[in-house]
Protein chains: 2
Amino acid sequence: MRSTIRDVARASGVHISTVSRTFSAPHMVNPETRSRVLATAASLGYRPNRAARALITGRTGNVGLIVADIANPFFPPLIKAAESQARDRDYSIFVAETDEDPTVEENLVRALAKQVDGVLLCSPRMSNDLIEKLSKEVPLVLINRSMPSLPCVLMDVSLGARQAVDHLIELGHSRVAILGGPRGSWTSREIRKASVAACRQAGFEPIVLSPNQPTVDGGIAIAERVVQESASAVVAYNDLMAIGVIEGLDSLGVRVPEDVSVIGFDDSTLARISRPRLTTVSNPTLAAGRTAVDMLLQLSDDRRATGQVMLQTELIVRASTNPATGSHGTPEEGR
Amino acid sequence: MRSTIRDVARASGVHISTVSRTFSAPHMVNPETRSRVLATAASLGYRPNRAARALITGRTGNVGLIVADIANPFFPPLIKAAESQARDRDYSIFVAETDEDPTVEENLVRALAKQVDGVLLCSPRMSNDLIEKLSKEVPLVLINRSMPSLPCVLMDVSLGARQAVDHLIELGHSRVAILGGPRGSWTSREIRKASVAACRQAGFEPIVLSPNQPTVDGGIAIAERVVQESASAVVAYNDLMAIGVIEGLDSLGVRVPEDVSVIGFDDSTLARISRPRLTTVSNPTLAAGRTAVDMLLQLSDDRRATGQVMLQTELIVRASTNPATGSHGTPEEGR
DNA sequence: ACGGATATTACAAAGCCTTGCATAACGGAC
DNA sequence: GTCCGTTATGCAAGGCTTTGTAATATCCGT
């Protein structure tokens with residue numbers, strides 16, 4: 001039914017190797033022959049069988065992309081960017097998700113290993129050792145996770161966190177809660193470290209609440225603690241949590257931004273449509289997706305680890321942050 | 001480096017075909033031999049090479065999933081469901097997106113055709129003829145699109161639209177705007193037809209505004225027309241548009257739900273966190289994703305088209321709909 | 001003890017393509 | 001006119017697995 005290289009060869013009166021070369025090494029075949037072959041190939045609707053090609057070249061033309069949760073609005077733009085970049089390079093992308101479960105992560109890498117030329121590991125929660133081990137089985141590029149031995153695409157959330165905290169300090173806040181993300185998240189740790197450092201530098205100790213589920217529900221759940229600690233400002237691991245906190249505070253009678261200021265991370269669609277509009281740290285997810293694909297493709301050629309790429313973040317000030325009011329904002333309050 | 005069936009055969013002292021059968025037809029091999037082979041296979045870290053398997057069986061173990069826009073919150077849950085269902089069946093999913101461009105759609109199907117056992121076409125914008133033609137090249141299952149000759153998974157948006165309109169009528173609205181989605185969308189047409197019918201049945205003619213870009217911006221853009229037509233209620237093609245309309249109305253000084261009621265479609269995360277909470281028609285996206293995968297897998301075995309599946313929708317009443325006020329709501333008003 | 005059914009394993013072909021090497025054709029240099 | 005270097009094409013092996021068929025062993029009834 002589907003035509004093979006053999007059919008094309010017969011129909012155009014050349015040997016199959018010539019047909020093969022017409023596609024994989026065009027410069028080695030006479031222009032005249034080439035166009036004849038191309039013509040008959042087109043008329044027969046011939047397309048090289050990737051499985052057969054993969055079998056012999058050892059390259060599949062596919063890359064895997066593993067994310068924690070497709071429904072988390074942080075990921076779709078990244079997936080989108082990666083997919084389109086890959087397609088431009090004539091690669092396809094397998095997308096899989098882990099539901100934030102490190103065990104699933106490991107299994108997925110192994111399952112994918114055989115049918116891809118490499119795997120993009122996005123915000124992995126696995127241990128360094130395990131990642132190291134898996135990187136022996138299949139080329140790996142990390143996104144949002146730093147390991148010296150592997151190529152990584154990082155977003156400078158430390159910078160973002162510092163900007164966020166500085167913004168709050170400028171507004172007069174000094175009772176700041178830092179809401180961490182899931183256990184094992186590099187991003188979460190970076191945000192925490194940078195935020196804490198920024199707070200201390202300003203002369204006060206932040207309230208660190210971690211780990212949390214990086215979802216709206218996770219945010220709702222932690223709202224009570226935020227009130228208990230009488231924080232006047234919150235830096236949340238991501239927009240979902242930020243929105244959850246606003247939600248939770250609201251149902252406790254605390255208003256944002258009047259009573260408490262909230263900052264998220266990611267600048268997802270949600271941040272732009274939530275009420276109040278969310279002040280948030282914008283992440284270069286599109287660039288990250290593209291860069292990661294390119295690094296992976298290069299790695300799968302070279303097999304020598306390339307370096308790290310650090311992409312810039314940016315604080316977007318919207319309506320969820322206000323100057324500190326008298327009733328909160330001083331370290332002594334509410335103790 | 002990576003071990004093959006040959007290594008396992010040698011190490012366990014059997015012929016390669018026995019190893020092969022241990023994996024693909026376990027009942028044909030002596031339990032004792034089987035466990036021995038399994039053990040050595042495990043110790044060598046052997047995993048069957050899918051490319052080689054594909055080459056001979058003609059099945060890749062992959063399915064394609066083509067959606068309009070990954071970043072549209074309608075799709076991620078569907079992708080998620082499809083991916084997990086596929087993985088349960090030991091299949092992997094290629095995800096690709098068209099950016100709402102029918103031409104890209106066609107190219108993607110063709111590009112995917114050779115490396116998948118079938119393609120899930122989600123809300124395609126192509127013409128029936130083209131879909132028909134492509135279905136000759138690769139097994140196709142349609143989601144949100146009805147064609148008699150192909151297996152389809154449909155969501156009963158007609159029912160949802162009717163419920164939405166009835167809800168508005170109960171609230172006393174009779175100046176209802178129907179905001180269509182993109183050109184070529186089956187869903188959009190169904191919603192429009194059912195809504196219009198429901199309105200007429202109630203004795204008034206709705207205001208149909210179509211087509212629109214199915215995004216927040218699309219909703220913002222159409223808000224002015226809604227005001228011009230002095231509609232007291234809006235049924236939008238999806239949640240994004242609904243939120244955009246609310247946005248747009250807000251900046252025109254029209255409040256939702258006090259002045260105008262708005263209903264969306266999809267019950268996406270957005271609907272649950274937007275202010276006001278969005279009244280919306282919930283779509284069975286998860287079930288659709290799962291069902292579609294199963295139908296496709298069956299189709300790729302059978303090659304005979306299976307029928308259509310219609311999944312139920314449900315109106316979720318939240319806070320974006322109010323009883324009609326005196327100043328709007330009667331057909332004569334505002335003319 | 002023998003024919004025949006059953007169960008288990010080995011053999012070998014086939015699936016489609018890439019690629020190193022051999023061959024052929026051709027032009028130019030000497 | 002011979003030899004060499006180019007260029008274009010053919011040849012055949014090889015990649016890893018599945019699967020129809022053949023071979024062997026086992027066991028049953030008689």
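Order of the sequence lines fixes the chain letters, A, B, ..., with proteins taken first and strands second; residue numbering starts at 1 for each chain. Everything numeric in this text was worked out from a predicted model, so none of it was measured.
- Across the interface with DNA chain D, nearest-nucleotide mapping of A:A52 and B:I56 shows A:A52 to be the residue nearer the 5′ end.
- The CZ atom of A:R6 sits 11 Å away from the C1' atom of D:dA12 (whole-angstrom rounding).
- Rounded to an integer number of Å, the gap from CZ of A:R50 to P of C:dT18 is 11 Å.
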CA sep, side-chain torsions, deciding dist, call: B:D156, B:L311, side chain to side chain contact (heavy atoms under 4.5 Å, CB included): CA-CA 6 Å; B:D156 195 352; B:L311 300 169; over 6 Å; no
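- Of the charged side-chain nitrogens involved, none lies within less than 4.0 Å of a carboxylate oxygen, so that B:R125 and B:D101 do not count as a salt-bridged pair.
- Each of A:L78, A:L121, A:T291, A:V67 was checked for a side chain to side chain contact (heavy atoms under 4.5 Å, CB included) with A:I143, and the lone residue meeting it is A:L78.
- Within 4.0 Å (heavy atoms only), A:F23 reaches no atom of the nucleic acid at all.
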Enumerate all atom pairs, one protein N or O and one N or O from nucleotides 8-10 of chain C, separated by less than 3.5 Å.
| from | atom 1 | to | atom 2 | distance (Å) |
| --- | --- | --- | --- | --- |
| C:dT9 | OP1 | B:T33 | OG1 | 2.2 |
| C:dT9 | OP2 | B:N30 | N | 2.9 |
| C:dA10 | OP2 | B:H15 | N | 2.7 |
| C:dA10 | OP2 | B:T18 | OG1 | 2.8 |
| C:dA10 | N7 | B:S17 | OG | 3.4 |
| C:dA10 | N6 | B:R21 | NH2 | 2.6 |

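- For the pair A:R10 CZ and D:dG10 C1', the interatomic distance rounds to 16 Å; values are reported in whole Å.
- There is a side-chain donor-acceptor pair under 3.5 Å between B:R59 and B:S300.
- With rounding to the nearest 0.5 Å, the separation of CD in A:E97 from OG in B:S84 is 8.0 Å.
- Between the CG atom of A:D7 and the P atom of C:dC17 there is a distance of 9 Å, given to the nearest Å.
- There is a side-chain donor-acceptor pair under 3.5 Å between B:Q85 and B:D294.
- With respect to B:V19, the side chain to side chain contact (heavy atoms under 4.5 Å, CB included) criterion is satisfied by exactly one of B:T33, B:I5, B:V29: B:I5.
- Comparing the start and finish of the helix from C:dA1-D:dT30 to C:dC30-D:dG1, five pairs each, the helix axis swings through 50°, to the nearest 10 degrees.
- Distances shorter than 4.0 Å separate some side-chain N or O of B:S20 from OP1 or OP2 on D:dT18.
- A salt bridge is defined here as a Lys NZ or Arg NE, NH1 or NH2 lying under 4.0 Å from an Asp or Glu carboxylate O, and B:E137 with B:K133 fails to meet this definition.
- Salt-bridge annotation for B:R36 and B:E32: absent, with no side-chain N of the basic residue lying under 4.0 Å from a carboxylate O of the acidic one.
- When the P atom of C:dG15 is taken as reference, atom CG of B:N49 falls 18 Å away, rounded to whole Å.
- If you take CG of A:L55 and P of C:dT18, they are 11 Å apart, rounded to a whole angstrom.
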